[in-house]
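These notes are about the structure you will find just below.
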Amino acid sequence: MDTFGIWVAAFLTLGIISFLYRDNPWYKVCESIFVGISAGYWFVTLFYDNILGLFWRGVTSPDPHYMLLVGAVLGFMMLLRLVPPIGWISRWPLAFVVGATAGLYIINYFSSNVMLQVQSTLAPLFSTKFGQPIFEASLYDTIGNLVIAGGTFTGLVYFFFSKEHKGVFGGAARIGIWTIMITFGASFGYTVMSRMSLLIGRMEFIFGDWLRLIR
Amino acid sequence: MKQDLLLFGALIVIVAMIFLLVPKPIVFSTTVSYLIIGLILLALIFIFIRTINGHFVGRRIVFLFVGIAVVLPFFMKIHQPIRVSPEVQTVYDSTAQLKPGSKVLVSFDYDPASAPELQPMAESYFRLCLEHDLKIIIMGLWPQGPQQAELALQIALADSSIVKKKLERGIDYVDLGFQTGNEFVIQRMGTDFRTMFPRDTRGIPYDSIPLLRDVRNFSNIDYSFNLSAGYPGTVEWIQVAVDRYGLKLGAGNTGVQATGMYPYLRAGQLKGLLGGLSGAAEFERATGKEGTATFYMLPQSFSHVIVIAFILIGNAAFFLGEKNKARKEQK
């Protein structure tokens with residue numbers, strides 16, 4: 001059974017990779033299988049985990065959680081979108097979802113991505129912490145602190161459009177855009193590494209597990 | 001269509017020939033390995049010169065070179081030094097310094113598509129936890145996450161040093177499975193794990209699992225490790241579990257996400273980070289047991305060199321094209 005699975009996986013892997021040559025029926029077959037299986041997998045997982053696992057068992061347990069019925073009713077109302085004459089009812093659960101998500105996101109992002117990030121940017125340039133003796137930080141930390149302070153400041157200057165980017169201000173904006181470009185470059189480098197890793201994983205499967213050429 | 005069938009047939013013939021004629025496994029000696037590297041470099045120089053002379057390479061040639069760069073290193077015997085970065089060392093130290101019996105929550109928020117990067121991290125991390133007698137609680141916010149966890153767990157449990165311990169499911173480790181709801185699951189876990197995971201993957205009720213007897217919420221977790229490939233993932237764990245409930249969190253991320261995690265690392269919201277395949281290899285180095293990630297690093301390095309070479313060639317082609325255009329306009 002394992003061997004059969006490996007051959008099927010190899011057939012599908014090569015089918016998807018064949019797109020690099022050009023679009024072809026083999027690729028289309030593999031793509032359709034992937035989409036179909038993904039949809040089926042999601043449906044079954046959500047049914048057993050949510051509808052059966054959480055809702056049904058929760059409501060029918062000896063200590064029933066009737067609050068789950070509210071969620072079930074909202075979920076059912078969402079499905080009414082499929083009935084055009086009363087499709088407008090689906091807007092209510094949608095409003096609930098949007099409202100709850102927005103509320104949670106505002107708090108989470110403001111706390112984690114704004115306040116704490118601003119706080120960590122406000123670091124002393126030549127010390128490890130505020131209150132510590134000056135020049136206590138290592139050269140590595142000092143350079144890091146200077147880069148963060150300079151990069152943040154000049155990056156913000158670049159996005160300040162109420163003043164023409166000329167002279168000293170223009171120079172700072174130019175450093176800002178360079179900082180941003182270096183950040184994008186680092187991101188791109190990591191992305192290349194990530195994509196290559198996936199290819200390496202598949203190639204190891206083809207040449208190792210399937211063709212058995214790798215020790 | 002005819003051409004497609006012909007290529008398909010050719011592929012079948014090649015595969016049959018490999019199975020029948022090629023000796024297995026293939027291992028290149030160091031001399032042959034360096035010879036191959038030399039030939040690849042010569043080919044790249046040739047392409048570079050051709051590009052400068054105005055003969056641009058097609059995209060399929062680039063694909064071919066990347067393919068060669070990824071495949072050939074599998075057969076080479078070249079040692080590549082790996083240095084452990086501070087963020088990787090922090091994950092190791094945070095885990096290894098926990099007292100035996102401490103509870104570690106490991107969330108698997110990825111699927112098989114990201115397995116080449118994250119699976120080696122999972123295997124090494126489980127091995128480290130089990131070696132140090134830590135209790136592992138597994139869960140996932142992605143449907144296939146817990147299955148990936150089981151695969152990694154089986155590999156870790158098969159390790160000779162861990163087999164001796166005769167560890168038991170439910171006592172030493174437990175798999176709570178997947179739960180849908182993204183960050184709302186984390187939010188609910190902040191007050192009570194049981195509401196989100198009434199049973200483990202074997203259907204055993206939460207209260208009947210010995211390992212979970214004293215685990216109510218994040219305050220009963222000593223350290224947490226999140227393996228993430230996107231949403232929901234590390235960002236959501238930081239925003240809810242770390243910043244709201246004070247959970248200590250380390251993370252293993254795909255390379256695509258890793259750069260976005262460094263601000264959280266600097267702010268102290270993350271206690272350690274493994275970024276992409278290199279992070280996984282560094283972690284293997286830190287644990288002292290080389291595995292898949294270390295094996296993958298040579299193909300990774302080769303492919304990076306090829307990408308850099310083609311970026312240079314592409315830029316040469318671009319500037320050359322601009323120069324030629326300007327010349328033509330002058331004429």
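Chain naming here is simple, since letters A, B, ... match the order of the sequence lines and numbering starts at 1 in each. These values consider heavy atoms only, across backbone and side chains, with no hydrogens, waters or symmetry-generated copies.
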Select one option (side chain, backbone, both, neither) describing which atoms of A:S61 are under 4.5 Å from chain B's heavy atoms.
neither
Relative to chain A, which segment of B:I18 carries a heavy atom at a distance below 4.5 Å: side chain, backbone, both, or neither?
side chain
When only heavy atoms count and the cut-off is under 4.5 Å, which of residues 33-45 of chain A reach chain B?
A:Y41, A:W42, A:T45
So, A:Q117 and B:Q269: side-chain donor and acceptor under 3.5 Å apart, yes or no?
yes
If we count only N and O atoms by modelled type, under 3.5 Å, do the side chains of A:S187 and B:T259 hold a donor and an acceptor together?
yes
Less than 4.5 Å to any heavy atom of chain B: does that hold for the side chain of A:I200, its backbone, both, or neither?
both
Report yes or no: is the cationic atom of B:R60 (NZ for Lys, CZ for Arg) closer than 6.0 Å to the six-membered ring centre of B:F63, at no more than 45° off its axis?
no
Correct closest heavy-atom pair for A:M193 and B:G275 would be CE-O, 3.7 Å
Hey, which of A:S194, A:G53, A:S120 has the most heavy atom pairs under 4.5 Å with chain B?
A:S194
Non-hydrogen atoms of chain A under 4.5 Å away: do they reach the side chain of B:F8, the backbone, both or neither?
side chain
Scan side-chain atoms only and decide if B:Q257 and B:T234 contain a donor-acceptor pair under the 3.5 Å cut-off.
no
A:E204 versus chain B, the contacting section by heavy-atom distance below 4.5 Å
both
Contact class of B:Q144 relative to chain A, heavy atoms under 4.5 angstrom:
both
On the 0 to 90° scale, with breaks at 30° and 60°, tag the B:F75-A:F207 ring pair as parallel, tilted or perpendicular.
perpendicular
Against chain A, work out which of B:R59, B:R266, B:E236 has the most heavy-atom pairs shorter than 4.5 Å and name it.
B:R266
Exercise: do B:S85 and B:E282 side chains pair donor with acceptor under 3.5 Å
yes
Can you give the donor-acceptor pairs under 3.5 Å from side chains of residues 175-183 of chain B to other protein atoms, not counting sequence neighbours?
unit_1, atom_1, unit_2, atom_2, d
B:D175, OD1, B:G177, N, 2.9
B:Q179, NE2, B:M196, O, 3.0
B:N182, ND2, B:Y231, OH, 3.3
B:E183, OE1, B:Y231, OH, 2.6
B:E183, OE2, A:Y105, OH, 2.7
B:E183, OE2, B:Y231, OH, 3.4

At a heavy-atom separation under 4.5 Å, does B:Y262 approach chain A through its side chain, its backbone, both, or neither?
side chain
Would you tell me whether B:Q119 and B:T292 have side-chain atoms, one donor and one acceptor, within less than 3.5 Å of each other?
no
Atom CG of B:L247 and atom CH2 of B:W237: how far apart are they, to the nearest 0.5 Å?
7.0 Å
Contact origin within B:A293 toward chain A - heavy atom pairs under 4.5 Å:
neither
Region of B:P198 that comes under 4.5 Å of a non-hydrogen atom in chain A
side chain
Polar side-chain atom of B:D243 near backbone of A:N108 as donor-acceptor pair, under 3.5 Å:
no
If you count every heavy atom of other residues, nucleotides or ligands that lies below 6.0 Å from B:R202 atom CZ, does the total exceed 12?
yes
Please flag which part of A:Y21 lies under 4.5 Å from any non-hydrogen atom of chain B: side chain, backbone, both or neither.
both
Is it the side chain or the backbone of B:I306 that comes within 4.5 Å of chain A heavy atoms, both, or neither?
neither
Among A:Y190, A:W210, A:F205, who wins on heavy-atom pairs under 4.5 Å with chain B?
A:Y190
Is it the case that over 12 heavy atoms from other parts of the model lie below 6.0 angstrom from the CZ atom of A:R22?
yes
Under a 4.5 Å heavy-atom cut-off, does chain A meet the side chain of B:I308, its backbone, both or neither?
neither
Go through the side-chain N and O atoms of A:S197 and B:Q300 and say whether any donor and acceptor fall under 3.5 Å apart.
yes
Using non-hydrogen atoms and a 4.5 Å limit, figure out which bit of A:Y27 sits close to chain B: side chain, backbone, both or neither.
neither
Which bit of A:A123 is near chain B, if near means a heavy-atom gap under 4.5 Å: side chain, backbone, both or neither?
side chain
If you count every heavy atom of other residues, nucleotides or ligands that lies below 6.0 Å from A:Y66 atom OH, does the total exceed 12?
no
Under 4.5 Å from a heavy atom of chain A, the part of B:T195 involved:
backbone
Hey, is CZ on B:R199 packed in by over 12 heavy atoms from elsewhere, all under 6.0 Å?
yes
Segment of A:L46 engaging chain B (4.5 angstrom heavy-atom cut-off)
side chain
Give, as side chain, backbone, both or neither, the part of A:I148 having an atom under 4.5 angstrom from any heavy atom of chain B.
side chain
